[in-house]
Q: 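Following this message is one structure expressed as structure tokens.
Each chain gets a letter, A, B and so on, in the order its sequence line appears, and its residues count up from 1.
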There are 2 protein chains.
Amino acid sequence: MATLKDVSKASGFSITTVSRALNGYDDVNKETRDKILDVAKELGYSPNILARSLVKKQSNTIGFLVTDLKRESIKDNFMFETLCGVSDELSNLNYEFVLLSTSTSKQKNKTYSQMCAERQLDGVVIQGLKRDDPYLLEAIESTVPCVLVDIPVEGVNTGYVTSNQLESAKQAVRYLIRLGHQHIAFMNGSPNAYVSTVRYDAYRQVLHEHEIDFRDEYVLNGDFEELASKNVALPFLLNHPEVTAIFCASDVMALGVLQATRELGLNVPDDLSIIGFDNILLSQYVSPPLTTVGQQPYEMGRKAASMIVNIVEEQDAPHEVFVNNQLILRESVTKNRR
Amino acid sequence: MATLKDVSKASGFSITTVSRALNGYDDVNKETRDKILDVAKELGYSPNILARSLVKKQSNTIGFLVTDLKRESIKDNFMFETLCGVSDELSNLNYEFVLLSTSTSKQKNKTYSQMCAERQLDGVVIQGLKRDDPYLLEAIESTVPCVLVDIPVEGVNTGYVTSNQLESAKQAVRYLIRLGHQHIAFMNGSPNAYVSTVRYDAYRQVLHEHEIDFRDEYVLNGDFEELASKNVALPFLLNHPEVTAIFCASDVMALGVLQATRELGLNVPDDLSIIGFDNILLSQYVSPPLTTVGQQPYEMGRKAASMIVNIVEEQDAPHEVFVNNQLILRESVTKNRR
DNA sequence: CTTGATTTCCGAAACGTTTCGGGTTTAAAA
DNA sequence: TTTTAAACCCGAAACGTTTCGGAAATCAAG
């Protein structure tokens, strides 16, 4: 492959001048620049990024760090989607991007800083590390900037993008109310999970907002499991015919409720509107397709990418970005006709 | 970050010796090696891959080239799975790996060779390019080795990994026969698709193998669509009660057949065994879960990765590898009890 | 015709490695 | 004691860039 030296020889100008011409400096004559450009094109010259990075002390590449890109993560298209987002945005911004997957065994051999130093990464976006992962802690301390997706942690060179958990849950409940539902039940997950409490709060707050009395017996516990939800929904729906809608803290629990309605011979959405959370893949295949609120991992990836290059390039941009979860309207919810 | 020079100074040995010690050359005294290792560890030294690549003229990184990692490719977990495979295998082999996504707009600015040269890629694995993609043609001609997944094309530094379409289809039919089925129908897709003819051939060959008469009326055409398959299956199943099994050239068509059985009040698999092709996501969620033959993209990724480093390292290994499609046994097939 | 500014160019050093060729010391053999 | 070989070490060049500092040539002003 042609190098600067080759172009230099072929054009008759020094390496310095060739370099400066190609990089658009203005202390080179128009004529000589044109000539150099011609020669460069003819020779198919393309700068060696490695050499450039070496001297400029920055590589124009961002790492995307995930845990264990092993077989299991396949079912999790969340990661893949954020990856797509990151990749797209970075390529727009003319950054390269390398995929880094860690495993505990690797972490023994190499620290996070070493990993960054080796490739002279300008920054890294991190996704899916456990909160106590040593790499995560190191990353936050490190001088090389990073942005975390879905891990709201503050740090020096650190930013994060996450979703509006509370607000989106509220929106789901508001949607039901908007459609005229007054007796709305809530299927909660295990109460000691963070998201459970958030969704529970959302439920209560929106009821309050609309001056609908909160009723303790309208809160069920499905423990994030399909079967459990079905079992708890079954008697509930029998005893509370006035309930026309139910907000479930997860799609799997919504599926359980759906089963319960089938066994009771109830029609969804005519007899009962169901709204889920997560937008799992199955939710669009089930019958009727589930209205649910889903995250937007692709969007989060894009935002993360754009944030990391902002930080890298020291433009002051917010170090905290929310990507709104999105209410996905399908067919398990309808107007209250009673 | 600590460099060789730092370690050199801190340990009192020359840069050369430090380098050789760290790289395990045997012309350095045990004592001094130990000392150097100690110092290196203490300083947190980690070699700069860029500098190393520059001088060694090889980067130890493999590119994974896909078209347009844009939003649409998300639904296609095929790509993601092969990516996982490639990544896993490469990390086992101590290679780095960068994701390259092309778009027609990018291709105008940069040729394939330039893309490789810039990063000094040792090799690239290519997935999902159209057969007439300019990059593909260039890749085959190029001096930098590449392996193609699912694109059986010969070239100089080129290899490919693909799946045994014919053999796996045969296996599916054999499976039915093994379970005692004698009257086996075949739901074909549109006959001018390549895979259709392959699966049709497989069907006929296996029947012949087992001396079962081929019957023209046992071949249906579902055009790769669910509804069409249902409509064609409905009268067929009525008129041919002797048929106990049906091999479908795709899962979606199998789904159509499934629907037909429901409408006819037939039980799957007791009254009719159904076997599909593709292992689409829905196939495991439907009731009963569909027995089907699926590709193994993860495995293909691994094989591709391992092949590319073989080629790069000039070990002579086969430049053609088949990853067997796999019969995925679920619940839509059972023994013939008639 | 000087002087000073501007334009245009270039040499050389630097980035962090690897590696070639050779040099010094030590030990074994003659 | 001298020669030879082995063991251990190092200087310097190279990889392909960028960039600092300055040099030559041109031009405008005095």
Side-chain angles (χ1 to χ4, degrees), chain A residues 1-37 39-40 43-61 96 113-122, chain B residues 1-37 39-40 43-61 94 96 113-122 144:
Chain A
M1 203 63 187
T3 71
L4 265 196
K5 206 201 273 186
D6 298 329
V7 181
S8 161
K9 270 191 198 139
S11 67
F13 293 97
S14 78
I15 292 185
T16 302
T17 304
V18 172
S19 170
R20 296 182 76 79
L22 260 23
N23 286 306
Y25 284 70
D26 59 359
D27 66 344
V28 27
N29 195 334
K30 169 111 176 47
E31 273 179 50
T32 90
R33 156 172 287 125
D34 288 346
K35 175 149 187 200
I36 288 174
L37 253 39
V39 174
L43 265 47
Y45 171 78
S46 197
N48 184 317
I49 296 189
L50 302 182
R52 172 185 291 170
S53 303
L54 191 59
V55 44
K56 294 187 70 162
K57 304 281 252 163
Q58 52 153 344
S59 59
N60 243 261
T61 102
E96 305 281 331
S113 308
Q114 283 179 328
M115 192 184 65
C116 294
E118 278 189 349
R119 301 231 129 231
Q120 274 182 207
L121 296 179
D122 293 348
Chain B
M1 204 63 188
T3 71
L4 266 195
K5 205 201 275 186
D6 298 330
V7 180
S8 160
K9 268 190 201 141
S11 68
F13 293 96
S14 76
I15 292 185
T16 301
T17 304
V18 172
S19 171
R20 297 181 75 78
L22 259 24
N23 286 305
Y25 284 70
D26 59 359
D27 65 344
V28 26
N29 195 335
K30 172 109 176 48
E31 271 180 50
T32 90
R33 155 172 289 125
D34 287 347
K35 175 150 189 202
I36 288 173
L37 252 40
V39 174
L43 263 49
Y45 170 78
S46 197
N48 184 317
I49 295 190
L50 302 183
R52 172 185 290 171
S53 303
L54 191 59
V55 43
K56 294 187 70 163
K57 304 280 252 162
Q58 51 153 341
S59 58
N60 244 261
T61 101
N94 276 310
E96 305 282 329
S113 308
Q114 282 179 329
M115 192 185 66
C116 295
E118 278 188 349
R119 303 231 127 232
Q120 276 184 205
L121 297 180
D122 293 348
V144 10

Q: Which is more 5' along DNA chain D, the nucleotide nearest Val28(B) or the one nearest Lys56(A)? Just name the residue.
A: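 First, find each residue's nearest nucleotide; the 5'-ward one identifies Val28(B).
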
Q: Do Glu118(A) and Asn48(B) have a side chain donor and acceptor closer than 3.5 Å?
A: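 Looking only at side-chain atoms, Asn48(B) and Glu118(A) do not form any donor-acceptor pair under 3.5 Å.
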
Q: Does some side-chain heavy atom of Phe13(B) sit less than 4.5 Å from a side-chain heavy atom of Val28(B)?
A: no

Q: Under 4.0 Å, counting only non-hydrogen atoms across every strand here, what does Ser53(A) touch: a base, just sugar-phosphate, or nothing?
A: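 Ser53(A): no heavy atom of the nucleic acid under 4.0 Å.
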
Q: Scan Thr3(A) against the nucleic acid and name what it touches under 4.0 Å (heavy atoms): base, sugar-phosphate only, or nothing.
A: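 Counting heavy atoms under 4.0 Å across all strands, the contact made by Thr3(A) is with sugar-phosphate only.
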
Q: Using a heavy-atom cut-off of 4.0 Å across all strands, would you classify Leu50(B) as base, sugar-phosphate, or nothing?
A: nothing

Q: Going 5' to 3' along DNA chain C, which are the first and last nucleotides with any atom under 4.0 Å from a heavy atom of chain A?
A: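 Using the under 4.0 Å cut-off, the span is dT8(C) to dG16(C).
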
Q: Could you tell me if the side chain of Asn23(A) sits less than 4.5 Å from the side chain of Ser19(A), heavy atoms only?
A: yes

Q: Rounded to the nearest 0.5 Å, what separation is found between the CD1 atom of Ile15(B) and the OG atom of Ser8(B)?
A: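 Reported value, rounded in 0.5 Å steps: 5.0 Å.
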
Q: Under 3.5 Å, is there a donor-acceptor pair linking the side chains of Ser14(A) and Thr17(A)?
A: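 There is such a pair between these side chains.
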
Q: Closer than 3.5 angstrom, by distance alone: can the side chain of Ser59(B) be matched with the main-chain N or O of Gln120(B) as a donor-acceptor pair?
A: yes

Q: Look at all strands and tell whether Asn29(A) reaches a base, only sugar-phosphate, or nothing, counting heavy atoms closer than 4.0 Å.
A: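 Sugar-phosphate, no base atom in range.
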
Q: Categorize Asp27(B) for me: base, sugar-phosphate, or nothing, with a 4.0 angstrom heavy-atom threshold over every strand shown.
A: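 The answer is base, as Asp27(B) lies within the cut-off (heavy atoms under 4.0 Å) of a base atom.
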
Q: Taking the nucleotide of DNA chain D with the closest heavy atom to each, which residue, Phe13(B) or Asn23(A), is nearer the 5' end?
A: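 Of the two residues, Phe13(B) wins.
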
Q: So what does Ser46(A) hit on the nucleic acid, given a heavy-atom distance under 4.0 Å: a base, only sugar-phosphate, or nothing?
A: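 It contacts sugar-phosphate atoms only.
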
Q: In whole angstrom, give the distance that lies between atom CZ of Arg33(B) and atom P of dA7(D).
A: 14 Å

Q: Base, sugar-phosphate, or nothing: which does Ile49(B) touch, judged by heavy atoms less than 4.0 Å apart?
A: nothing

